[in-house]
Amino acid sequence: MLDLQDVSYQYRGKFALDGITLRIEQGGAVAFIGPNGSGKSTLFKLMNGLLFPSRGRYRFDSEEITEDKLKDVAFSRRFHQRIGFVFQNPDTQLFCSSVQEEIAFGPHQMGLAESDVNRRVEDCLELLQIKKLRGEHPWNLSGGEKKRVAIAAVLAMNPDVLVLDEPMNGIDPKGKAFLRELLLRLHASGKTIVAATHDFAYVEGIFRRAVVLTEDHRLVRDDEAERVMSDSVFLKQHNIM
Ligand SMILES: Nc1ncnc2c1ncn2[C@@H]1O[C@H](COP(=O)(O)OP(=O)(O)OP(=O)(O)O)[C@@H](O)[C@H]1O
Ligand SMILES: [Mg+2]
């Protein structure tokens, strides 16, 4: 479903991704691991059409994703409805003046009827247990609350693929356990899940596969998640642990 062929990305001449080749099948659950600055967020922005390869090719559902194609409003809408992105920092994602509007934004953009939009908003408020925050301004929420709202806003689009950049960041232990259950449920319902994480304990059991990026922005291992996460020699060698 996601297919990257020899993808590199440079920020003003400096590599952030170097020759990444990988495929993610529909219904897959893949964890991305790597030290700070290895390129996980850059890779996710690329998967979501916010950045484009400096070299190589990215295909989503067999269709190459390019800047030109995403200028087409209809194409861009379809693409962004199918793949949802929860940013590492929710402040970059949230821009509406209330939680409720934030969650309604995507479904409105999709052109859904008002009653369907409202139903999705209610479902997502319920799903993330944030009903009591509906009228709040996202700026005034705590870090963990913002993260929940950001996840709810993405789920409201009902995307096939969920890309989550450090979803457990800033979430308290009870919230992490809850989020873990939610991701398991979403995966069981057929969603493809891609996430960057440092939180091995909480993501255990969600991911079959782990992809490891190194400090020099290359893909060094693509393997069963359990095997990677229990390989402390390897993790230490690459400054992950
Ligand atoms: N907007 C930017 N401009 C220039 N360089 C950037 C920019 N964003 C990221 N970089 C650089 O690209 C590299 C990869 O960054 P990226 O944010 O993708 O890493 P990451 O693996 O997500 O790290 P973390 O674990 O800290 O979230 C780093 O060297 C970083 O300094
Ligand atoms: Mg990051």
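Note that ligands are numbered from 1 as they come in the structure, with each ligand's atoms numbered from 1 the same way.
Residue contact annotation: Gln88 places an N/O/S atom under 2.8 Å from the Mg ion (ligand 2). Here Thr42 does not reach the Mg ion (ligand 2): none of its N/O/S atoms is less than 2.8 Å from the metal.
Lys146 places no side-chain N or O within donor-acceptor distance of the main-chain N or O of Leu94, the cut-off being under 3.5 Å. No donor-acceptor distance shorter than 3.5 angstrom exists from the side chain of Lys40 to the backbone of Leu213, with no hydrogens or angles considered. Proximity of a side-chain donor or acceptor of His217 to a complementary backbone N or O of Gly37 within less than 3.5 Å is detected.
Counting the atoms of ligand 1 from 1 in the order shown, those under 4.0 Å from a heavy atom of Gln88 are 27 (O). Atoms of ligand 1 lying under 4.0 Å from at least one heavy atom of His198, given by number and element, are 25 (O). Annotation for ligand 1: atoms under 4.0 Å from non-hydrogen atoms of Arg12 are 3 (N), 4 (C). For ligand 1, the atoms sitting less than 4.0 Å from at least one non-hydrogen atom of Ser38 are 19 (O), 21 (O), numbered in the order shown with element in parentheses. Remark: ligand 1 atoms within the under-4.0 Å shell around heavy atoms of Lys14 are 29 (O), 31 (O). Ligand 1 places these atoms under 4.0 Å from at least one heavy atom of Thr42: 14 (C), 15 (O), 16 (P), 18 (O).
Ligand 1 lies nowhere less than 4.0 angstrom from a heavy atom belonging to Lys45.
Atom 2 (C) of ligand 1 has its nearest heavy-atom neighbour, among Tyr11, Phe44, Tyr9, Phe32, in Tyr11. The closest heavy-atom contact to atom 21 (O) of ligand 1, among the options His217, Glu166, Lys40, Glu215, comes from Lys40.
Side-chain N/O atoms of Asp160 and Gln26 include no donor and acceptor closer than 3.5 Å. Side-chain polar atoms of Glu114 and His108 form a donor-acceptor pair below 3.5 angstrom. Lys191 and Asn158 share a side-chain donor-acceptor pair at under 3.5 Å. Using modelled atom types and a 3.5 Å distance limit, the side chains of Asp6 and Thr21 yield no donor-acceptor pair.
Every N/O-N/O distance between Gly34 and ligand 1 stays at or above 3.5 Å. Taking distance alone, with nitrogen or oxygen atoms compared against 3.5 Å, Gly39 approaches ligand 1 more closely than that limit.
For atom 28 (C) of ligand 1, the closest non-hydrogen atom on the protein side is Gly37 O, 3.5 Å. Ranking protein heavy atoms by distance to atom 24 (P) of ligand 1, first place goes to Asn36 ND2, 3.5 Å. Summary of contacts: the protein heavy atom closest to atom 17 (O) of ligand 1 is Ser41 CB, 3.7 Å.
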Between Ile240 and His198, does the side chain to side chain contact (heavy atoms under 4.5 Å, CB included) criterion hold? Intermediate values first, please. CA-CA 8 Å; Ile240 294 162; His198 297 288; 5.6 Å; no
Assess the residue pair Phe15 and Tyr9 against the criterion (ring pair (Phe, Tyr, Trp, His ring centres under 6.0 Å)); give the C-alpha distance rounded to whole Å, side-chain angles, the decisive distance to 0.1 Å, and a yes or no. CA-CA 6 Å; Phe15 274 99; Tyr9 186 81; 9.6 Å; no
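Among Asp123, Ile103, Val86, Leu162, the one residue that satisfies the side-chain contact (heavy atoms from CB on, under 4.5 Å) test with Leu155 is Leu162.
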